[in-house]
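Beneath this line is the structure, given in structure tokens, with notes to follow.
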Amino acid sequence: MTRQYCHIGSRTIAYLDSAPGNHDLRTYVLLHAFPLGANMWEPQIRSIPKGWRLITPDLRGFGGSTELDSLSALSIADYADDVVDLLGELSVTSAVIGGLSMGGYAALALVQSRPGSIDALVLADTRAGADSQESRANRRNMLAVVDREGPSGVAREMMPKLLGQTTRDTNPSAEATVRRLIKQQSPVAIRGAIHRMMHRPDSTALLATIRVPTLIIVGEEDTLTPVQESQRMAEAVTGSTLVTIPAAGHLSNLEQPDAFNAALAGFLVSLK
Ligand code: MLT
């Protein structure tokens, strides 16, 4: 799938699109984690259910998308706005919206701003709460790592948190893939994302307002957003389905793609 570019004013939004211009298909959008780009969805791009079109944007600054000139007043809502603008440009009026981790924060920001444009929701390895004081302190340390060492330093720091124990023990190529995906990103994108995540609002109360079918996925060995976080979200979202993926950590879509794809496809085909 070749990268597409959408220019809106002085901004460029890059994205992967499995069926450009095809409005006969139903659309689902997958939003990537930190500090990766749309390419993290490669295993999902290879497994698109019949009748569906997949769009995966690079969030602001990542991949081929531009970041704002100024890094002040950054908000996680910026990412949601980009999704709205992109779908508007592509004349896609409603879509299933999914996101993994930071992508889930962006999906929840979209629930907040445009609930009517979402057909259904997928929240993978994410949480509804805001950062704790301790998480913010860790983010500040990560900002220092980006300044000092760039994306390679971030890759080194993040790796043990992104991949589950089973993957680290048994699948060395997964680590190489994730390292490559992180090193493709710019320090500007990474800094922008850290600022947005550390100031994102608490979306816990929003969960009870969700009225669309919702799939919650979590890797059994996820230590960044542990299973209990997903269980709490599943209890709060009426009628949601929770799928736990065995032998996967935080990047469950990359670590156990077959199980992740089966959960996603089962959900999509169940939608009316
Ligand atoms: C992610 O995977 O997107 C991030 O680790 C989320 C976070 O740091 O809160």
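No hydrogens, no waters, no symmetry mates; every other heavy atom, side chains included, goes into these values. Sequence positions, counted from 1, serve as the residue numbers for this chain. Order of appearance sets the numbers: ligands from 1, and atoms from 1 within every ligand.
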Quiz: residues 174-184 side-chain donor-acceptor pairs under 3.5 angstrom, not counting sequence neighbours:
residue, atom, partner, partner atom, Å
E175, OE2, R179, NH2, 2.7
T177, OG1, S173, O, 2.9

For this session: Could you check if a side-chain atom of L251 sits within less than 4.5 angstrom of a side-chain atom of N253, using non-hydrogen atoms only?
Result: yes
Exercise. Is a donor on one side and an acceptor on the other found under 3.5 Å between the side chain of Q185 and the backbone of G63?
Worked result: yes
For this session: Would you check if there is a donor-acceptor pair between the side chains of T225 and H250 at a distance under 3.5 Å?
Result: yes
Problem set entry | Every residue of the protein that comes under 4.0 Å of ligand 1, judged on heavy atoms | A33, F34, S101, M102, Y105, R139, M158, M197, L224, H250
Seminar exercise, completed: In short, R11 meets I13 closest at the heavy-atom pair NH1-CD1, 4.0 Å
For this session: Give a yes or no on whether L90 and V84 share a hydrophobic cluster (residues Ile, Leu, Val, Met, Phe, Trp, Tyr; joining criterion: side-chain heavy atoms under 4.5 Å apart).
Result: yes
